Amino acid sequence: MEAGTADQPKAELHGANIIAAIKASGVEFILSVPDIHTSAGLLRPIASDPALRLIRVCKEDECIGIASGMHYTDRRALVLIQNTGFLDSLNAIRGVAVEYKQPICMMIGLLAHEAERLPAQSGSYGVRIIEPICDAMGIPHHLISQDADVAKIKPAIDKAYADSFPVAFLVSRRPLAP
């Protein structure tokens, strides 16, 4: 063990804190496919939360159109997907979220990511390319790797809706279940 690391607490990310921030942001609908990375800490608790409505879809790109439709009815939605689903949905994200300037809020679980590394340093190619893709598309993104990062969620969702533009939250570790 390296000197000085024994006293440092291990970073934790609690799903209950993320859910509280989502609710505080005025999000009513969570759009998702089954997600192994965030399932225990987020998806299962969301499914049983009466304040949130979970809409399950077959493919991640379906979430983008549904979230856009929700915006047109003044309802807030959050897309909960893995990085693989984000990659599979790029054309819908490009067309609907970026070109049509829709406030599509995406919470992206970084499957196979080593939580103590930055995504750009991940051993997983599919994780390493997420930030550069967001940058190329002009999508603001925020790393959510510990409880202190959860404070970024509400202001970023509020900004996405105020500016009518997408935002991505990159969840780098499995959120702990309540």
Side-chain angles (χ1 to χ4, degrees), residues 9-71 73-89 93 97 103-117 119 122 124 126-127 130 134 139-161 166-178:
K10 182 181 176 200
E12 291 185 340
L13 182 60
H14 293 87
N17 294 341
I18 294 173
I19 292 168
I22 291 168
K23 289 184 202 179
S25 303
V27 168
E28 300 173 71
F29 295 89
I30 307 296
L31 315 169
S32 187
V33 296
D35 174 357
I36 196 165
H37 187 74
T38 61
S39 192
L42 287 178
L43 195 55
R44 285 187 194 121
I46 285 169
S48 63
D49 189 320
L52 295 170
R53 187 139 180 224
L54 177 62
I55 299 174
R56 298 172 196 254
V57 299
C58 296
K59 284 191 77 226
E60 291 86 346
D61 60 348
E62 295 171 353
C63 296
I64 307 307
I66 294 169
S68 178
M70 294 288 182
H71 168 62
T73 63
D74 293 324
R75 307 305 274 277
R76 288 189 175 191
L78 179 100
V79 174
L80 179 61
I81 56 177
Q82 292 180 164
N83 57 297
T84 53
F86 173 80
L87 294 171
D88 191 47
S89 302
I93 294 166
I104 308 301
C105 302
M106 299 169 282
M107 189 161 284
I108 304 167
L110 301 179
L111 182 66
H113 175 59
E114 311 85 347
E116 302 309 321
R117 290 180 165 185
S122 177
S124 169
V127 170
I130 299 298
C134 285
I139 298 173
H141 51 89
H142 306 276
L143 185 63
I144 309 295
S145 64
Q146 57 189 339
D147 283 332
D149 296 328
V150 172
K152 300 173 189 175
I153 295 172
K154 183 182 180 330
I157 289 175
D158 288 344
K159 182 169 176 39
Y161 277 89
V167 66
F169 302 102
L170 309 179
V171 180
S172 69
R173 72 177 69 241
R174 289 178 190 242
L176 298 172

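Remember, it's a predicted structure, so these values are computed and weren't measured experimentally. All heavy atoms count here, side chains included; hydrogens, waters and symmetry mates do not. Residue numbers count from 1 along this sequence.
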- prompt: Do P119 and L110 have side chains that get closer than 4.5 Å, going by heavy atoms?
  reply: yes
Under 3.5 Å donor-acceptor, S25 side chain and A21 backbone: yes
message: Any side-chain to backbone donor/acceptor pair from D149 onto S145? Under 3.5 Å, distance only.
response: yes
- request: Quick one: closest heavy-atom pair of A112 and S124, and the distance?
  value: O-CB, 3.9 Å
query: Taking only residues two or more places apart in sequence or in another chain, which ones pass side-chain hydrogen bond (donor to acceptor under 3.5 Å, both in side chains) with N17?
result: D147
message: Is any side-chain heavy atom of I153 closer than 4.5 Å to one of M107?
response: yes
task: Supply the atom-to-atom distance S172 OG to E116 CD, rounded to the nearest 0.5 angstrom.
output: 8.0 Å
- prompt: Sub-3.5 Å donor-acceptor pair from the side chain of S122 to the main-chain atoms of H113, do we have one?
  reply: no
Minimum side-chain heavy-atom gap V79-I108 below 4.5 Å: no
task: Provide the closest heavy-atom pair for G126 versus N83 in the form atom of the first, atom of the second, distance.
output: O-ND2, 3.2 Å
field: R56: partners by side chain to side chain contact (heavy atoms under 4.5 Å, CB included), with sequence neighbours left out
entry: A47, L54
field: Close side-chain approach of I139 to H141, heavy-atom, < 4.5 Å
entry: no
- prompt: Would you say the side chain of I55 lies within less than 4.5 Å of the side chain of M70, judging by non-hydrogen atoms?
  reply: yes
- prompt: Is the shortest heavy-atom distance from the side chain of V167 to the side chain of K159 under 4.5 Å?
  reply: no
Rounded distance (nearest 0.5 Å) linking atom NZ of K23 with atom CD of E28: 12.5 Å
- line: Value for CD1 (I19) from CG (L43), rounded to nearest 0.5 Å, stands at 9.5 Å
message: Ignoring hydrogens, what is the shortest heavy-atom contact between C105 and A77? Give both atom names and the distance.
response: CB-O, 3.9 Å
task: Please round to the nearest 0.5 Å and tell me the distance separating atom CZ of R75 and atom CZ of F29.
output: 4.5 Å
statement: In short, P103 meets H71 closest at the heavy-atom pair CG-ND1, 3.4 Å
field: Heavy-atom side-chain proximity of L13 to I144 below 4.5 angstrom
entry: yes
message: Working to the nearest 0.5 angstrom, can you tell me the gap between D49 CG and R44 CZ?
response: 15.5 Å
- prompt: Quick check: does any side chain N or O of K152 sit under 3.5 Å from a backbone N or O of L143, one acting as donor and the other as acceptor?
  reply: yes
message: So which atom in L42 and which in P45 form the shortest heavy-atom distance, rounded to 0.1 Å?
response: O-CD, 3.2 Å
ring-ring contact (aromatic ring centres under 6.0 Å, His included) partners for F169, two or more places apart: H142
statement: Here the gap from Q82 atom CD to T84 atom OG1, rounded to the nearest 0.5 Å, amounts to 4.5 Å
- prompt: Looking at L78, I18, I30, which hits side chain to side chain contact (heavy atoms under 4.5 Å, CB included) with I46?
  reply: I30
task: Could you pull out the closest heavy-atom pair between H14 and L176, with the gap in Å?
output: NE2-CD1, 3.6 Å
